[in-house]
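Letters A, B, ... mirror the listed sequences (proteins, then strands); counts begin at 1.
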Amino acid sequence: MEEKYLPAGEQEAARNSPFQTRNASSSHIALLTADELSALAGSCTFCKEEKLRSKKLIDKIFAEGKSVSHAGFALYYYTTPLLTRYPMQAAFAVPKRYHRLAVNRNRIKRLMREVWRKNKMPLYMALAARQTQAAVMWMYRGKSIPDYVTCEQRMLSLIHKLQNALT
RNA sequence: AGUUGCAGGUGCCCGGUCGCUCUUUGCUGAAAGGCGAAGGGAGGAAAGUCCGGACAACACAGAGCACCGCACCACCUAACGGGUGGGGAGGACACACAACGUUCUUACAGACAGUGCCACAGAAAAUAACCGUCCGCCACAGGCGCGAUAAGGGUGAAAACGUGCGGUAAGAGCGCACGUCCUGCCGGUGUAAGCCGGCAGGAGGGCAAACCUUGCGGGUUGAAAGCUCACAUAUACCGGCGCCCGAGGGCUGCUCGUCCGAUUGUACGCCGGGGGGUAGAGCGUUACAGGUGCCGCGCGAGCGGUAUCGCAGAGAAAUGACCGGGGGUAUGCACAGGCAUACUACAGAAUCCGGCUUACAACCUGCAACUAUUU
């Protein structure tokens, strides 16, 4: 038993570690500090942990969260502790009734994800400074397929709105 | 050479910057993690979810009914409502016509088992009499008939086998000859469907994608199937211990005391099992009715042998975004080489296979037809 020299609490954590559970409190997940984030500021990533994947949380965003919208784009957000070190988790959606073909929905979601990847840092910094976390849901309800530039302009204005709302 | 049709195939390429996912792996760190490296990463339809399987859970003595599906024959296949080959029927080409040929289409079992339906028109759509023809009667240029008649006319998509002769009051497969079709039997041929010939009997429309009959097949639900696990928690139930009751026994011959303790109960506490529940995690889950090449067999769909390859695995769902360059096609200007602009389809895996159907820019190959030019 090489674990015996660990403190009792950590032994418990080690025993539980193979199984991620919803009840495991986020207390033992150390949040990224603002300093650590600023070290990452140069890179623009969007990895699995930054993706919103829990169905329960998504339902909560729509039920209890707030939203801002602009020119077809809508942004739902909900401040809550997350099971990750990152300050935010994001998801993207395009309803089927606006775009019937899966190819077009995929294209729009990829554009939105690209804009988010490149422009999310200010929100990350703001949340990390206050030691809180938030889940966000992007939604596009336009009938046309936007190009990257208009996509970026409209989403940036929503990001600014959200930043003002949070601070 | 071009155009059109049919069949089959391919279904844009290269570089840069910033990213995603999976596998393997290096360095670093006590750990969480951090920084890398190499490799894999949508389709011919991934689509529609229309068939058939594999797989899984549940159900299941046997038989019948109901319901659903299929329907010329043989073969291929894991299986099929799919495919290949053949037959029948029906078109098209060619042609005086037919045959042969080429090619296309075809849910193609049964209408003497029964029931039903057949618009409009027409007298009548299946136990036919409007006109006509013949016969009879009367009040005789005409009328009447609970008379006969399916040859002719007209209607219709379809009118009660066709032509000729006989026959008759007039007629009629009423009889005969030839022909057509159906059924049965025999002979030849073919694995078979069938085809060819002969004999006998019969002939009285169609519709089974009308009910139906016959034959064959079908258990239900689908990966949110299903299996496993963990944390916390309420707890049916079971076991153990504690607790409560304490027959009896030991310590002594007796009482008290104390120890052991059958048995009964357990509202309660603890421990273990247990089933329940939570879209939490893992498995199922990507190796195969597998792809490609070669050889052999088969008319063919395919089959056999052999060599070789390892070829997505996400999970509110990766396979991308931006920029630059090059192909290709179309149009315009030039028309000797070019230049500019536009377009670059249909469309995104979700357990996996085999089909079918539908969508599709451009290019390639083969066949057929047509047009033009050259020899």
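- Under the Watson-Crick or G-U wobble criterion, with both distances below 3.5 Å, B/rC256 has no partner in any strand shown.
- Side-chain proximity of A/M137 to B/rG19, B/rG34, B/rA316: nearest is B/rA316.
- With P as the reference atom, B/rU24 and B/rA314 are 13 Å apart, rounded to whole Å.
- In this structure, B/rA368 and B/rU4 make a Watson-Crick or G-U wobble pair, each of the two defining distances being under 3.5 angstrom.
- Pairing partner, B/rA79: none, since no Watson-Crick or wobble contact has both distances short of 3.5 Å.
- Taking the side chain of A/R110 as heavy atoms from C-beta on, and the options B/rG348, B/rA316, B/rG34, the nearest nucleotide is B/rG348.
- Taking the P atom of each, B/rU329 and B/rG305 are spaced 47 Å apart, rounded to whole Å.
- Projected onto RNA chain B by closest heavy-atom contact, A/K51 and A/L111 fall at different nucleotides, the more 5' of which corresponds to A/K51.
- In a base pair of the Watson-Crick type (N1 to N3 plus N6-O4 or O6-N4) or a G-U wobble (N1-O2 and O6-N3), with each distance short of 3.5 Å, B/rC181 is matched with B/rG202.
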Worked verdict on A/E50 versus A/R117 for salt bridge (Lys or Arg N to Asp or Glu O under 4.0 Å): CA-CA 10 Å; A/E50 297 175 79; A/R117 180 170 75 78; over 6 Å; no
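- Nucleotides B/rG215 and B/rG206, compared at atom C1', are 26 Å apart to the nearest Å.
- Remark: P of B/rU319 and CG of A/N106 are 8 Å apart, rounded to the nearest angstrom.
- B/rG355 takes the anti form, because its glycosidic angle lies more than 90° either side of 0.
- Using the Watson-Crick or G-U wobble rule with both distances under 3.5 Å, B/rC352 pairs with B/rG53.
- Rounded to whole Å, atom C1' of B/rU319 lies 17 Å from atom CZ of A/R105.
- Looking at heavy-atom distances under 4.0 Å, A/A93 makes no contact with the nucleic acid at all.
- Residue order along RNA chain B, read from the 5' end via each residue's closest nucleotide, puts A/K109 first among A/D147 and A/K109.
- Classification of B/rG114 as anti follows from a glycosidic angle more than 90° from 0.
- In terms of hydrophobic clustering, with Ile, Leu, Val, Met, Phe, Trp and Tyr side chains grouped at heavy-atom distances under 4.5 Å, A/I108 and A/Y98 are assigned to different clusters.
- Distance check on atom C1': B/rC135 versus B/rC185 gives 48 Å, rounded to whole Å.
- Atom-to-atom, NZ of A/K118 to P of B/rC322 comes out at 9 Å; the value is rounded to the nearest Å.
- Between the CZ atom of A/F92 and the P atom of B/rA317 there is a distance of 8 Å, rounded to whole Å.
- The CZ atom of A/R113 sits 9.5 Å away from atom CG of A/N106, with the distance rounded to the nearest 0.5 Å.
- Here the side chains of A/Q133 and A/T80 are not in contact, with every heavy-atom distance at 4.5 Å or above.
- Other residues, nucleotides and ligands contribute over 12 non-hydrogen atoms within 6.0 Å of the NZ atom of A/K161.
- No side-chain donor-acceptor contact under 3.5 Å links A/R105 to the backbone of A/K96.
- Relative ring orientation between A/W138 and A/F92 is described as parallel, the plane-to-plane angle staying below 30° on a 0-90° scale split at 30° and 60°.
- Ranking B/rC322, B/rA317, B/rU319 by closeness to the A/Y148 side chain, first place goes to B/rC322.
- The partner of B/rU17 is B/rA321, by the rule that a Watson-Crick or G-U pair needs both atom distances under 3.5 Å.
- Taking atom CD1 on A/I108 and atom P on B/rG320, their separation rounds to 16 Å, with Å as the unit.
- B/rA160 and B/rG173 are spaced 11 Å apart, taking the P atom of each and rounding to whole Å.
- B/rC72 and B/rG296 have their C1' atoms separated by 35 Å, given to the nearest Å.
- Within the 3.5 Å criterion, the main-chain N or O of A/R141 finds no donor-acceptor partner in the side chain of A/H99.
- The shortest distance between the side-chain N/O atoms of A/R117 and the OP1/OP2 oxygens of B/rG320 is not below 4.0 Å.
- Base orientation for B/rA42: syn, the chi torsion being within 90° of 0.
- Nucleotide B/rG166 has B/rC174 as its partner under the Watson-Crick or G-U criteria, with both atom distances under 3.5 Å.
- B/rC196 and B/rG101 have their P atoms separated by 14 Å, given to the nearest Å.
- For the C1' atom pair drawn from B/rC270 and B/rA223, the interatomic distance equals 44 Å after rounding to whole Å.
- Residue A/R107 places no side-chain N or O under 4.0 Å from the OP1 or OP2 atom of B/rU319.
- Pairing of B/rU358, defined by two Watson-Crick or G-U wobble distances under 3.5 Å, is not identified with any nucleotide.
- Nearest approach of A/L111 to A/C151, heavy atoms of both residues: CB-SG, 4.1 Å.
- Base orientation at B/rC311 is syn, since its O4'-C1' glycosidic dihedral falls within 90° of 0.
- Counting only distance, with no hydrogens or angles, the side chain of A/N104 and the backbone of A/R107 share no donor-acceptor pair below 3.5 Å.
- Note: CZ (A/R113) to C1' (B/rC322) measures 14 Å, nearest angstrom.
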Between the protein and nucleotides 46-49 of chain B, list the N/O to N/O atom pairs that are separated by less than 3.5 angstrom.
none

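- Atom-to-atom, CD of A/E114 to C1' of B/rA318 comes out at 13 Å; the value is rounded to the nearest Å.
- Atom-to-atom, OH of A/Y86 to C1' of B/rG33 comes out at 10 Å; the value is rounded to the nearest Å.
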